[in-house]
Structure formats: C-alpha cells, structure tokens
Amino acid sequence: MCSWSFGYGGVHAACADVALVLAMDASGSISDAEFAIQKAGYVAALMDPVVQSAFDDAGVVDIASLFWADSAYGVQIVPWQRVTSRDDLAGFAARLAATPRRISGNTDIGVGILAATELFEEDGRCADRRVLDISGDGRANTMTGRSRGIALAPARKHALDRGVTINGLAIADKDGRLGEYYRTAVIGGVGSFVIEVDGLESFPAALRRKLHRELLALNEVVCPDAVGPDCRRY
C-alpha cells in the first residue's frame with residue numbers, strides 16, 4: 001500500500017497505490033472519426049460503474065493520459081489527477097474528452113512509451129505500481145534516419161527497468177496478427193497482458209475489462225458465453 005507522510009494540514013498520501021497512464025494512438029492510420037471513437041471509449045470506460053468501483057477498490061490512484069504518434073509532433077498530455085473520489089475521476093474524464101487531437105504521422109510506439117515513463121519519473125511522484133495502458137492499431141513505424149525518432153525496443157526496456165508494467169489493447173482490424181506483435185514487442189512487466197479487438201466497435205467493452213484488470217491486478221478468466229464462479233463479464 002502507499003506510504004504516508006505528515007505535511008501542512010495533516011496526514012496525506014505521499015505515494016499512490018497505482019499510477020496509471022492511458023496512452024492512445026493518434027498516428028495517421030487512425031482517422032479523426034476513429035480517434036473520436038477511441039477517446040470516447042476511454043471516457044465512457046472511466047465513467048462506467050464497474051470501472052469506478054475498481055478505482056475505489058484500488059486505493060489511491062494517480063491517472064494521466066497522452067496521445068502519441070510521430071516523434072516529429074511530440075505527445076499531447078492530459079496531466080496527472082489524483083483519484084480519491086468519483087468526482088475526481090469525472091473531472092479527469094471531462095478534461096480528457098475536451099482535449100483536441102493535434103498530432104498525426106507515423107506509428108512511433110516508442111514515443112508513447114518514453115513519454116509515459118517520463119510522467120512516472122516526475123520529481124516527487126511515486127506509486128506502488130506503475131501501469132502503462134497503451135492502445136494502437138499498428139506496428140511501430142518510424143521514418144528511417146529521423147534524428148528524433150524513438151526506437152521501440154530501447155524505450156520499452158527503459159520503462160521495464162523502472163518497474164513499469166506495459167499492457168496493450170491491440171486494435172487488429174487492419175492487422176490480424178497485431179495482438180501477437182504486441183505480446184512479443186510491446187508489453188512487459190509483472191502481470192502484463194494484451195487484449196485484442198477486431199475493430200473500434202468492440203473497443204469500449206474491451207477497455208472496461210482492461211482497466212478493471214489493470215487497477216486490481218487480477219488474473220481474470222474471460223468467459224465470452226457464460227459467467228462462472230471465476231469469471232466476470234464487463
């Protein structure tokens with residue numbers, strides 16, 4: 001559990017139980033309409049009662065979000081919010097919903113991973129668990145010779161060396177083996193996993209399941225047809 005410290009006004013939580021970064025693909029393979037669906041899926045998932053209960057059960061959660069794409073654009077960041085109530089979560093979801101997309105270009109997954117790691121490493125920020133939730137619809141694709149490009153493998157290693165768990169949501173409608181790629185080249189860390197969807201239509205439900213599992217570090221058995229004693233459907 002998180003550590004505690006004494007400061008002006010009494011006792012407060014110095015470290016979160018979970019620090020969670022939501023990293024969304026904004027590369028050129030994602031149209032504006034698809035991006036809107038992806039972002040709306042995250043907002044809806046954050047406001048889902050089951051996910052909100054998972055935030056409650058997870059303890060103190062720090063959450064931030066970023067849009068990643070081509071290294072030439074950098075990233076767009078929705079800053080950290082400490083979530084100790086559902087009002088906190090609603091406020092963060094509203095800020096995420098109001099953030100317009102300003103980036104595009106290549107699918108530089110390393111940019112997203114490195115930017116998220118830098119968020120976790122901000123001065124004074126600590127958490128018992130660091131979780132990066134990254135979603136995308138393609139494999140790493142950076143322009144050869146671009147000086148600002150971020151290679152995926154070293155960015156991933158940098159994150160894992162700092163205790164970050166990277167989980168993936170692979171939107172596999174354009175690449176039927178994207179889930180396998182995410183498993184071998186993107187995710188990593190304790191309890192890491194990939195959820196694969198065949199299109200953005202099934203994205204919101206998959207994301208709700210993913211967030212619940214990430215927050216509570218569950219080893220869930222997914223039951224598509226029936227709900228048994230060890231399974232839940234979200």
Side-chain angles (χ1 to χ4, degrees), residues 18 20-27 29-58 61 63-68 78 81 83 86 89-90 92-99 101 107 109 112 116 129 131-139 165-183 186-187 191-234:
V18 183
L20 175 65
V21 174
L22 311 176
M24 282 173 264
D25 186 353
S27 63
S29 60
I30 302 279
S31 70
D32 286 342
E34 290 171 332
F35 182 80
I37 293 171
Q38 183 182 202
K39 187 172 72 166
Y42 272 96
V43 171
L46 292 172
M47 300 309 297
D48 182 86
V50 173
V51 174
Q52 290 181 330
S53 292
F55 272 88
D56 295 340
D57 294 342
V61 179
I63 186 170
S65 186
L66 62 87
F67 307 155
W68 58 271
V78 182
Q81 169 70 54
V83 177
R86 297 194 178 188
L89 191 56
F92 177 81
R95 287 191 293 279
L96 175 59
T99 303
R101 175 191 191 178
T107 306
I109 300 174
R129 290 196 295 122
V131 181
L132 169 54
D133 175 320
I134 190 163
S135 62
D137 76 337
R139 305 180 187 220
T165 295
I166 306 171
N167 298 322
L169 203 168
I171 306 166
D173 56 336
K174 300 165 187 172
D175 180 349
R177 301 187 66 183
L178 187 63
E180 179 182 342
Y181 173 79
Y182 263 62
R183 289 182 191 94
V186 179
I187 70 166
S192 61
F193 64 94
V194 174
I195 290 181
E196 187 173 351
V197 297
D198 57 7
L200 285 167
E201 297 78 10
S202 52
F203 184 87
L207 183 57
R208 289 194 298 270
R209 199 165 65 245
K210 186 171 189 285
L211 285 171
H212 189 280
R213 181 172 174 180
E214 286 169 331
L215 288 164
L216 301 182
L218 296 176
N219 293 317
E220 293 179 357
V221 178
V222 178
C223 303
D225 301 318
V227 178
D230 298 322
C231 304
R232 297 183 183 182
R233 180 184 293 160
Y234 303 111

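No hydrogens, no waters, no symmetry mates; every other heavy atom, side chains included, goes into these values.
- Scanning all heavy atoms of the two residues, the minimum distance from Ile134 to Val186 falls at CG2-CG1, 4.1 Å.
- The minimum heavy-atom distance linking Asp173 with Gly199 is given by the pair CB-CA, 4.0 Å.
- In this structure, Gly191 and Asn167 approach most closely via the heavy-atom pair O-OD1, 4.1 Å.
- Residues Leu46 and Leu211 form a side-chain contact, since some pair of their non-hydrogen atoms from C-beta on lies under 4.5 Å apart.
- Smallest separation of non-hydrogen atoms from Leu66 and Ala116: CD2-N, 3.7 Å.
- You'll find the side chain of Leu215 stays beyond 4.5 Å of the side chain of Asp57, heavy atoms only.
- Considering only heavy atoms from C-beta on, Arg101 stays 4.5 Å or farther from Met24 through its side chain.
- Legend: residues meeting side-chain contact (heavy atoms from CB on, under 4.5 Å) with Gln81, ordered by chain and number and at least two apart, are Ile63, Val83, Asp88, Phe92, Arg95.
- Contact of the Glu214 side chain with the Phe193 side chain is registered, since non-hydrogen atoms from C-beta on lie closer than 4.5 Å.
- Rounding to the nearest 0.5 Å gives a distance of 7.0 Å between CG of Leu178 and CD of Glu196.
- To the nearest 0.5 Å, the span separating CG on Leu169 from CD1 on Ile171 amounts to 6.5 Å.
- Between the CZ atom of Arg208 and the CE atom of Met47 there is a distance of 13.0 Å, given to the nearest 0.5 Å.
- Rounding to the nearest 0.5 angstrom, the gap separating the CZ atom in Arg86 from the CG atom in Asp56 is 4.5 Å.
- Shown here are the side-chain hydrogen bond (donor to acceptor under 3.5 Å, both in side chains) partners of Asp133, two or more places apart in sequence or in another chain: Tyr42, Lys210.
- Contact between Phe67 and Lys39 at its shortest, heavy atoms only, is CZ-CD, 3.9 Å.
- One finds the OH atom of Tyr182 at 4.5 Å from the CD1 atom of Ile109 (value rounded to the nearest 0.5 Å).
- Residues passing the salt bridge (charged side-chain N to carboxylate O under 4.0 Å, His left out) test with Asp25, sequence neighbours excluded: none.
- When all heavy atoms of Ala45 and Val51 are compared, the pair lying nearest together is O-CB, 3.2 Å.
- Counting only heavy atoms from C-beta outward, the side chains of Arg129 and Thr165 never approach each other to under 4.5 Å.
- The CD atom of Gln52 sits 5.5 Å away from the CG atom of Leu89 when rounded to the nearest 0.5 Å.
- Residues Gln38 and Leu207 are not in side-chain contact: their nearest non-hydrogen atoms beyond the backbone lie 4.5 Å or more apart.
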